[in-house]
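In what follows, a structure is listed as structure tokens, so that the remarks can point back to it.
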2 protein chains.
Amino acid sequence: MSTAEETAGGETEPWEEVTPDAARRLLVAAVEAFAERGYHATTTRDIAGRAGMSPAALYIHYKTKEELLHRISRIGHDRALDILRTAARTEGSATDRLAEAVSSFVRWHAGRRTTARVVQYELDALGPDARAEILALRRQVDGEVRGIIEEGVAGGEFDVIDVHGTTLAVLSLCIDVARWFNVDGPRTPDEVGALYADLVLRMVGAAK
Amino acid sequence: MSTAEETAGGETEPWEEVTPDAARRLLVAAVEAFAERGYHATTTRDIAGRAGMSPAALYIHYKTKEELLHRISRIGHDRALDILRTAARTEGSATDRLAEAVSSFVRWHAGRRTTARVVQYELDALGPDARAEILALRRQVDGEVRGIIEEGVAGGEFDVIDVHGTTLAVLSLCIDVARWFNVDGPRTPDEVGALYADLVLRMVGAAK
DNA sequence: GCCGAAGCTGAGCGCCCGCTTAGGGCGCCC
DNA sequence: GGGCGCCCTAAGCGGGCGCTCAGCTTCGGC
């Protein structure tokens with residue numbers, strides 16, 4: 001852990017599961033390029049150039065440009081789901097768990113903004129099969145948050161009429177952080193996480 | 001007013017300011033294509049085809065493909081700002097005005113989802129000058145919402161510590177509706193508008 | 001009935017895209 | 001130390017992109 005980026009969300013070193021080294025460098029380069037310009041505006045020559053390789057090198061490790069996006073999206077969604085599952089399983093009241101889920105989820109979207117941006121906003125560039133796989137992960141993400149809210153309502157901690165709609169709004173709020181968060185802006189990921197946890201507890205009517 | 005789409009947000013017929021007729025048809029076709037596939041994945045041949053014209057016809061009415069996006073973005077932001085200004089100027093408490101601002105803003109993002117999607121998510125495809133012009137409009141959008149919240153805090157109606165951060169979150173919540181709203185889904189724009197107005201009033205700590 | 005302007009099309013230019021192929025360098029194993 | 005397999009590059013293919021241009025049709029004014 002040597003840089004601010006690496007400690008974001010207190011997570012393990014990202015992309016370490018991607019081997020060999022050249023494949024990981026290409027993938028990291030693709031994340032940066034996709035986040036900056038969008039998938040369709042990014043060329044394979046740009047990705048290879050950022051990784052210090054020739055355009056042809058990309059095709060040794062990945063069949064197509066779309067496979068790169070698929071791998072990024074898959075790993076990113078796995079990580080997002082892992083964050084929410086960890087929060088949902090911690091001990092404490094529904095209020096505690098919802099606050100932890102929102103703050104850690106938001107910290108990830110802010111601290112790992114480039115990854116989150118690709119993961120959350122380039123889904124439409126995937127083909128039907130890959131998109132279906134990712135959408136299944138998204139339903140699990142939705143389920144984790146909805147579960148906490150349902151428990152809070154059942155236990156009398158929360159006051160929510162439309163659980164599905166509120167779940168959608170909470171996730172939407174967190175995800176959109178990847179769109180507007182600015183690394184050079186006035187807020188740290190931790191600060192946004194704390195603010196958003198407070199706002200979400202208000203949304204579900206949790207007692208102070 | 002003959003279709004559900006046209007009555008969304010109770011607004012006037014959109015794009016009527018775009019003349020001549022062929023230019024408007026091209027612009028409407030571009031909105032649909034950009035919303036479906038994104039700006040970079042849309043070809044000028046696709047836009048012209050949707051408008052029932054040859055590819056060359058596009059360049060009689062617009063200098064470049066980017067000018068089309070610029071015009072769409074400009075008109076859309078003007079409309080969004082108009083909606084918020086109207087809500088901010090209505091009579092009533094800050095609570096009433098914030099509820100009206102959020103519900104009408106959300107109704108527009110849901111009911112005019114294709115337009116809103118292009119307006120809110122394709123900003124990065126514009127060149128520096130056009131982007132700067134649009135960002136100025138966004139600051140005005142932000143100012144309208146922040147103004148209502150500040151008045152609510154000053155008048156004791158709201159309980160908000162971080163006004164800027166809360167304003168950002170409220171706008172983020174509304175804007176992201178354009179990403180997830182599904183016309184074939186279970187909720188109408190009116191229903192989402194009402195739900196979101198309630199959630200936002202909770203976020204600012206407005207009394208019931 | 002003629003003319004110019006406006007609107008549009010068919011053809012296509014030059015460019016850059018995603019991706020392929022042939023072959024070279026280098027380390028590892030016997 | 002010779003052969004093999006893994007990575008990688010230089011070069012380039014086929015195609016689709018944004019955009020252009022010469023010329024055709026249509027129509028209002030006189």
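All values below come from the heavy atoms of this structure, side chains included, with hydrogens, waters and symmetry mates left out. Lettering follows sequence order; numbering is per chain, from 1.
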| task | Identify, with sequence neighbours excluded, every residue that meets side chain to side chain contact (heavy atoms under 4.5 Å, CB included) alongside B:Glu67. | result | B:Tyr62, B:Lys63, B:Thr64, B:Arg71
| said: Any carboxylate oxygen within less than 4.0 angstrom of a Lys/Arg side-chain nitrogen, looking at B:Asp46 and B:Arg50? | reply: yes
| query | In residues 22-36 of chain B, what residues come within less than 4.0 Å of DNA chain C, judged by heavy atoms? | reply | B:Ala22
| message | Checking side-chain polar atoms at under 3.5 Å, does B:Glu133 have a donor or acceptor matched by the opposite partner on B:His70? | response | yes
| said: Run the side chain to side chain contact (heavy atoms under 4.5 Å, CB included) test against A:His40 and tell me which residues pass, sequence neighbours left out. | reply: A:Ala125, B:His40, B:Ala41
| Should the ring pair B:Phe105 and B:His109 be called parallel, tilted or perpendicular, given that the plane angle runs from 0 to 90° and is split at 30 and 60? | perpendicular
| remark: To the nearest angstrom, the NE2-C1' distance between B:His61 and C:dC8 comes to 8 Å
| query | Is the NZ or CZ atom of A:Lys65 both under 6.0 Å from the centre of the six-membered ring of A:Tyr39 and within 45° of that ring's axis? | reply | yes
| Between B:Asp82 and B:Arg79, is the closest basic N to carboxylate O distance under 4.0 Å? | yes
| query | What's the spacing between A:Thr42 OG1 and A:Glu122 CD if we round to 0.5 Å? | reply | 7.5 Å
| said: Between the side chains of B:Arg24 and B:Asp21, is the shortest nitrogen-to-carboxylate-oxygen separation below 4.0 Å, so that they form an ion pair? | reply: yes
| task | Using a cut-off of strictly less than 4.0 Å between a heavy atom of the residue and any atom of DNA chain C, enumerate the qualifying residues of residues 63-76 of chain A by number. | result | A:Thr64, A:Lys65
| remark: note: B:Leu58, atom CG; C:dC8, atom P; distance rounded to Å ~ 11 Å
| note | Residues of residues 38-55 of chain B with a heavy atom under 4.0 Å from any atom of DNA chain D, listed by number, are B:Thr42, B:Thr43, B:Thr44, B:Arg45
| said: Quick check for you: name the first and last nucleotides of DNA chain D, 5' to 3', having an atom under 4.0 Å from a heavy atom of chain A. | reply: D:dC8 to D:dG12
| task | Determine, for A:Asp142 against A:Arg139, whether the closest basic-nitrogen to carboxylate-oxygen distance falls under 4.0 angstrom. | result | no
